[in-house]
Amino acid sequence: MNPAQPKADLQRYLRSARDTLLWKLEGLSEYDVRRPLTPTGTNLLGLVKHAAGVELGYFGETFDRPFTGTPHAFSDDAEANEDMWARADESREDVIDLYRRIARHADATIADLPLDAVGRVRWWPEERARVTLHQIVVHVITDLQRHAGHADVVRELIDGSVGLQAGNDNMPPEDAAWWEAYRQRLERAAREAETH
């Protein structure tokens, strides 16, 4: 990290997480980007919509920087998990466009304020609610990378695609037969461990 450019370094990691989330949607049908693949309903488009709400809250409200056109899903009276899925009348393009607009708003907050700017996260416990922009950027990067990991697993369940980011899958360059043998080896080890 270049100490003279801490904002640029943080922004690079933030943009990488955003790009990864959006990349996980590429090439999939409307059904596949929306389909719930865990018992709690985790789905790719919902992860993107949720990430938009995360950035809106932390880079908007926390630093008193209003965003025009906040969707109901991000309001206090939204139903539980309304930000974690897209209704049938919400297009993929609408959700992605919203996320990109909120990301630009977040980037403006980061550009306009010093890293030691103070904000308040009203949904955190009072003893931790007072924060700096630096804390929030790190928090959001961590949160988005966590959701990018969720997206990676969900995408693998849909069509077997895996990878860190476009152009860098960060996986051993093996064929399908190798991966199947590898998975079977792990399965055998798990079963053997259970009998010990």
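Just so you know, these numbers use all the heavy atoms, side chains as well, and skip hydrogens, waters and symmetry mates.
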Visitor: Using a strict threshold of under 4.0 Å (side-chain N to carboxylate O), is an ion pair present between R15 and D19?
Guide: no

Visitor: For a quick test of reading the model, state the closest non-hydrogen atom pair linking A17 to Q145 and the distance between them.
Guide: CB-NE2, 3.6 Å

Visitor: Out of L133, I110, V137, which residue meets the side chain to side chain contact (heavy atoms under 4.5 Å, CB included) rule with L10?
Guide: V137

Visitor: Is there a side-chain contact between V131 and V118 in this structure, where contact means two heavy atoms from C-beta onward sitting under 4.5 Å apart?
Guide: no

Visitor: Give a yes or no answer on whether the side chain of N43 reaches the backbone of G41 with a donor-acceptor pair at less than 3.5 Å.
Guide: yes

Visitor: For the CG atom of D32 and the CG atom of L157, what is their distance to the nearest 0.5 Å?
Guide: 11.0 Å

Visitor: Please check if the number of heavy atoms outside E187 that lie under 6.0 Å from its CD is greater than 12.
Guide: yes

Visitor: Applying salt bridge (charged side-chain N to carboxylate O under 4.0 Å, His left out) to D76 and R122, what does each step give before you reach the verdict?
Guide: CA-CA 12 Å; D76 288 339; R122 73 171 168 82; 2.7 Å; yes

Visitor: Mind running side-chain contact (heavy atoms from CB on, under 4.5 Å) on L115 and T132 for me, showing each step along the way?
Guide: CA-CA 7 Å; L115 287 174; T132 65; over 6 Å; no

Visitor: Looking at A151 and K24, what are the two nearest heavy atoms and their distance?
Guide: CB-CG, 3.8 Å

Visitor: Below 4.0 angstrom, N of the basic side chain to O of the carboxylate: do D112 and R65 qualify?
Guide: yes

Visitor: Could you measure the distance from the CZ atom of R155 to the CG atom of L37? Nearest 0.5 Å is fine.
Guide: 11.5 Å

Visitor: Taking the basic N atoms (NZ, or NE/NH1/NH2) and the acidic carboxylate oxygens, is any pair closer than 4.0 Å for E90 and R87?
Guide: yes

Visitor: Could you tell me the separation between the CD atom of E26 and the OG atom of S161, rounded to the nearest 0.5 Å?
Guide: 10.5 Å

Visitor: Between side-chain atoms of residues 78-85 and protein atoms elsewhere (two or more places apart, or another chain), which donor-acceptor pairs fall under 3.5 Å?
Guide:
from, atom 1, to, atom 2, distance (Å)
E82, OE1, E79, N, 3.0
E82, OE2, H72, ND1, 3.2
D83, OD2, H50, ND1, 2.6

Visitor: F59 and A106: which non-hydrogen atoms are nearest, and at how many Å?
Guide: CD1-CB, 3.3 Å

Visitor: Closer than 4.0 angstrom, basic N to acidic O: yes or no for K49 and D94?
Guide: no

Visitor: Which pair of heavy atoms, one from L21 and one from A51, lies closest together, and at what distance?
Guide: CD1-CB, 3.7 Å

Visitor: Mind checking whether D152 and E156 have side chains closer than 4.5 Å, heavy atoms only?
Guide: no

Visitor: Does the S75 side chain pair with the main chain of P71, one donor and one acceptor, at a distance under 3.5 Å?
Guide: no

Visitor: Other residues, nucleotides and ligands only: do more than 12 of their heavy atoms fall within 6.0 Å of CG on D159?
Guide: yes

Visitor: For E192, is there an ion pair with R188 - N to carboxylate O distance below 4.0 angstrom?
Guide: no

Visitor: Do E55 and Y99 have a side chain donor and acceptor closer than 3.5 Å?
Guide: yes

Visitor: Quick one: closest heavy-atom pair of T42 and T38, and the distance?
Guide: N-OG1, 3.0 Å

Visitor: So which heavy atom on L25 is nearest to which on R92, and how close?
Guide: O-NH1, 3.2 Å

Visitor: Taking 4.0 angstrom as the limit, do R104 and D107 come out as a salt bridge?
Guide: no

Visitor: How long is the span from the OG atom in S29 to the CZ atom in R35, to the nearest 0.5 Å?
Guide: 7.5 Å

Visitor: Should R185 and E180 count as an ion pair when the cut-off is N to O under 4.0 Å?
Guide: no

Visitor: Determine whether I136 and V121 make a side-chain contact, defined as any pair of heavy atoms from C-beta on separated by less than 4.5 Å.
Guide: yes

Visitor: Return the set of residues passing ring-ring contact (aromatic ring centres under 6.0 Å, His included) with H134 (not counting sequence neighbours), or none when no residue passes.
Guide: none

Visitor: Is there a donor-acceptor pair under 3.5 Å between the side chain of S16 and the backbone N or O of R12?
Guide: no

Visitor: Other members of the hydrophobic cluster containing F67, with the 4.5 Å side-chain heavy-atom rule, please.
Guide: L56, F74, L98, I102

Visitor: When rounded to the nearest 0.5 angstrom, what distance separates CZ in R146 from CD1 in I141?
Guide: 16.0 Å

Visitor: I need the D9 CG to K7 NZ distance, nearest 0.5 Å.
Guide: 12.5 Å

Visitor: Could you walk me through whether Y58 and H139 pass the ring pair (Phe, Tyr, Trp, His ring centres under 6.0 Å) check?
Guide: CA-CA 9 Å; Y58 285 114; H139 177 81; 4.8 Å; yes

Visitor: Do R18 and Y13 have side-chain heavy atoms sitting under 4.5 Å apart?
Guide: no

Visitor: Among the clusters formed by ILVMFWY side chains lying less than 4.5 Å apart, do V95 and Y31 turn up in the same one?
Guide: no

